[in-house]
Number of protein chains: 2
Amino acid sequence: MATGRTHRPATRSRGIPEATVARLPLYLRALTALSERSVPTVSSEELAAAAGVNSAKLRKDFSYLGSYGTRGVGYDVEYLVYQISRELGLTQDWPVVIVGIGNLGAALANYGGFASRGFRVAALIDADPAMAGKQVAGISVQHSDGLEKIISDNGVSIGVITTPPGVAQQVCDRLVAAGVTSILNFAPTVLTVPDGVDVRKVDLSIELQILAFHEQRKAGEAGEEAAANESAVPAPVGPADPTDQGPDGDVPAVMPA
Amino acid sequence: MATGRTHRPATRSRGIPEATVARLPLYLRALTALSERSVPTVSSEELAAAAGVNSAKLRKDFSYLGSYGTRGVGYDVEYLVYQISRELGLTQDWPVVIVGIGNLGAALANYGGFASRGFRVAALIDADPAMAGKQVAGISVQHSDGLEKIISDNGVSIGVITTPPGVAQQVCDRLVAAGVTSILNFAPTVLTVPDGVDVRKVDLSIELQILAFHEQRKAGEAGEEAAANESAVPAPVGPADPTDQGPDGDVPAVMPA
DNA sequence: CCATCTTTGTGCACGCGTTCACAAAGACAT
DNA sequence: ATGTCTTTGTGAACGCGTGCACAAAGATGG
């Protein structure tokens, strides 16, 4: 694979677009399935179909990684699995901590996709003393007092936050202070982090609301009126009327710190 | 699918860009918090900070909804909450079914963000007969035999799939056939649906892999090598080596270099 | 009523991502 | 070897999203 003898390949034009990075796991999953069926090669068309994307997009994505295909044939499945795994950093072990062992935290701890692909649940952490020592997914839950030590002892750089929103920021701060530089946030809160720390958020409520928007749009196209009474709305600018202080709070529940 | 000819004009709705729609729930959350503190008005700068976005972006987003602000003053919180809620379709009740009551499904059923904001868990459905009748989050789990009836009886248009990946597509097919037109998919699978059906996917494994990529990048810039042996890789084109067979659909696949 | 000050709403430019369309590259048959 | 056929890799065009910068709008004070 003569891609030019770059003696310092570390920073070699890693211009892999973010959008491409986000799709690599998708390709990897499809390729892994093919690999298990011992399929030796796959064309961009087939793989794109399996991954649910456009074949041109897939080829362009792969072009950022290098020329790993063979014209007239396709891509070697095993080789591509390796290349993508390496590019994503999955050939090494990533210890991960999950903070907040409620329903969601427990679900993640049990999630198979976690354990595979180089991710290892190094610790489950919860602020509730009653949780400490409990076994979840075969791992003993530890109290959050020892968070810093757990992080440094295990060399953890990725943290998953599944706490109630009220404490998410302080948990985040502690994680970052302890050395975590990547955070996957499930709490419905905007996290503020220093430069150099990556945060990705997964927000179930937001996803649902986006679906609702499109759903309403579909319904509106069919029964095109119904929502015509825009006059029956609150005054555009007026005194804040706290009478309708609905229980609209998004917050699931407050939690013991 | 991919008939190609039917070029979908993306967001035909009200001209509201998809990117804006995805941020509206974020604004709504911040506004709700302000509303609970009885804050009457808020400037684009303040609200943007609370939502973690650029203020210019926020103003442009709102401009798609209409001119709801007052120059020199800002936005009326209550009024904006209403407008965004209406735009997102949250002023109506959305019955939702969750299919697959494993750890994750149970977590979602208990998730507070579900119940609020107009979403109502109409039913919990599982294929395991042993689950039927069990109470989860105060709701009795029903067997998947009655899926179609449940959907139509409750007028459900939004379905959440938290099943194992192997059955996700068939569950999806049944949901769609029964009348569901929006699906939130947590299973690590690419779902194929007819036109007119929206699918959003939440994939924990993918999020982690994206984080790992950036984490590796950071580490590479600091440690500046370690990934130097590009020669010790499998042959570019060779026989499929099925020595690394994994149980689940997620295999580590390749050994560390 | 006028001046000043604050904040919105938006025209514009730029960069990223997507898609098309095709030349180049290689496999394969003759 | 040569021609044909398949499939990759990519140049180029296009559209969307983002951020800047500023004029317009309205509030506020004298």
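Chain naming here is simple, since letters A, B, ... match the order of the sequence lines and numbering starts at 1 in each. Just so we're clear, the structure is a prediction, and the values are computed from it rather than from any experiment.
- Within the structure, every side-chain polar atom (N or O) of Ser44(B) is placed at least 4.0 Å from both OP1 and OP2 of dT7(C).
- Using a 4.0 Å heavy-atom criterion, one finds that Phe62(A) contacts no nucleic acid atom at all.
- Rounded to an integer number of Å, the gap from CD of Glu18(A) to P of dT18(D) is 14 Å.
- Regarding Tyr75(A), its OH atom lies at a distance of 14 Å from the P atom of dG26(C), rounded to whole Å.
- Toward the 5′ end of DNA chain C lies the nearest nucleotide of Arg59(B), the other residue of the pair Ala56(A) and Arg59(B) mapping further downstream.
- Close to dT10(D), at under 4.0 Å from its OP1 or OP2, lies no side-chain N or O of Lys60(A).
- Between dC16(C) and Tyr64(A), no contact under 4.0 Å exists linking OP1 or OP2 to a side-chain N or O.
- Atom CG of Leu58(B) is separated from atom P of dT8(C) by 9 Å (rounded to the nearest Å).
- Counting any heavy atom pair closer than 4.0 Å across all strands shown, Glu45(A) reaches no nucleic acid atom.
- Between Tyr79(A) and Tyr68(A), the distance separating the two ring centers is shorter than 6.0 angstrom.
- In summary, the side chains of Ser182(B) and Asp198(B) do not present any donor paired with an acceptor at a separation below 3.5 Å, with no hydrogens or angles considered.
- From Leu191(B), atom CG reaches atom CG of Leu175(B) across 9.5 Å, with rounding to the nearest 0.5 Å.
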Evaluation steps, side-chain hydrogen bond (donor to acceptor under 3.5 Å, both in side chains), between Thr32(B) and Glu36(B): CA-CA 6 Å; Thr32(B) 303; Glu36(B) 280 167 7; over 6 Å; no
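- Candidate nucleotides dT19(C), dG17(C), dA25(D) were compared by shortest atom distance to the side chain of Arg71(B), and dA25(D) ranks first.
- Positionally, the nearest nucleotide of DNA chain C for Ser67(B) lies more toward the 5' end than for the other of Gly72(A) and Ser67(B).
- When the P atom of dT10(D) is taken as reference, atom CG of Asp61(A) falls 13 Å away, rounded to whole Å.
- Distance NZ (Lys57(A)) to C1' (dC16(C)): 13 Å, rounded to an integer number of Å.
- Between Leu80(B) atom CG and dT8(C) atom C1' there is a gap of 13 Å when expressed in whole angstrom units.
- Close to dT7(D), at under 4.0 Å from its OP1 or OP2, lies no side-chain N or O of Tyr68(A).
- Note that OH of Tyr75(A) is 10.5 Å distant from CG of Leu31(A), once rounded to the nearest 0.5 Å.
- Side-chain atoms of Asn54(A) lie closest to dC20(C) of the nucleotides dT18(D), dA27(D), dC20(C).
- Regarding contacts with the backbone of dT18(D), a side-chain N or O of Arg23(B) is found under 4.0 angstrom from either OP1 or OP2.
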